[in-house]
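Let me begin by presenting the structure, written as structure tokens, before commenting on it.
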Amino acid sequence: MTKGPVRLDVTVSYAAPRAGVPSAVSFRKWVAAALKSRIREADLAIRIVDAREGRALNRHYRGKDYATNVLSFPADLPEGVKMPLLGDLVICAPVVAREAKEQGKPAAAHYAHLTVHGVLHLLGWDHDDDKEAEAMEQLEREILAGLGLPDPYAEE
């Protein structure tokens, strides 16, 4: 656990229509919440994309031919290089909007969840097995509760 202020540099770029997409200020707040007490300094980029770009990236990097909600690209720094570069997140706006509607939740809450989820991936968290998934989901719940947001995994 680290103490003191976090130095955070979050760049948000919009490569999709902005309607219904949160502001950079919101993304920064969600990233800060995910990093709180975990690391003191971080640089990351968030790119909001359309379905075409989201699908192309998911196909290229994961071999899956569909647009997904969030992709995480942790920084791959050479051994011995100490930089606060955390990595990149790609969030697909149309997928987030569709999922929020299907799940009956506000789009902003879903964006918050996916941002926190993606940042945790950048920090090395994963959900490859049930135990890892349970631990990661619990951490997501705690972070989102700290933001005043409901449990994203609660059954309606």
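Keep in mind that what you see is a predicted model, and the values were worked out from it rather than measured.
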Problem - Leu35 vs Leu86 side-chain heavy atoms within contact, under 4.5 Å - result: yes
Exercise for the section: I would like to know whether Arg55 and Asp65 meet salt bridge (Lys or Arg N to Asp or Glu O under 4.0 Å); could you show each step before the answer? Expected result: CA-CA 6 Å; Arg55 179 179 179 183; Asp65 193 23; 2.8 Å; yes
Problem - salt bridge (Lys or Arg N to Asp or Glu O under 4.0 Å) partners of residues 91-111, not counting sequence neighbours, each pair once - result: Arg98-Glu102
Practice task
Mark yes when over 12 heavy atoms from residues, nucleotides or ligands other than Asp130 sit less than 6.0 Å from its CG; otherwise mark no.
Solution key: no
Problem - Residues forming a salt bridge (Lys or Arg N to Asp or Glu O under 4.0 Å) with Arg62, sequence neighbours excluded - result: none
Exercise for the section: Could I get the full list of ring pair (Phe, Tyr, Trp, His ring centres under 6.0 Å) partners for Tyr14, not counting sequence neighbours? Expected result: none
Exercise for the section: Answer yes or no: does atom CD of Glu134 have more than 12 heavy-atom neighbours from other residues, nucleotides or ligands under 6.0 Å? Expected result: no
Handout entry: Nearest-0.5 Å distance that lies between atom CZ in Arg7 and atom CD1 in Ile39
Key = 10.0 Å
Problem - Check: His117 ring centre within less than 6.0 Å of His127 ring centre - result: yes
Handout entry: Residue pair Phe27 / Leu89, side-chain heavy-atom distance below 4.5 Å
Key = no
Problem - Ring centre gap for Tyr153 and His113 strictly below 6.0 Å - result: yes
Handout entry: Rounded distance [0.5 Å steps], CG in Leu8 versus CZ in Arg28
Key = 4.5 Å
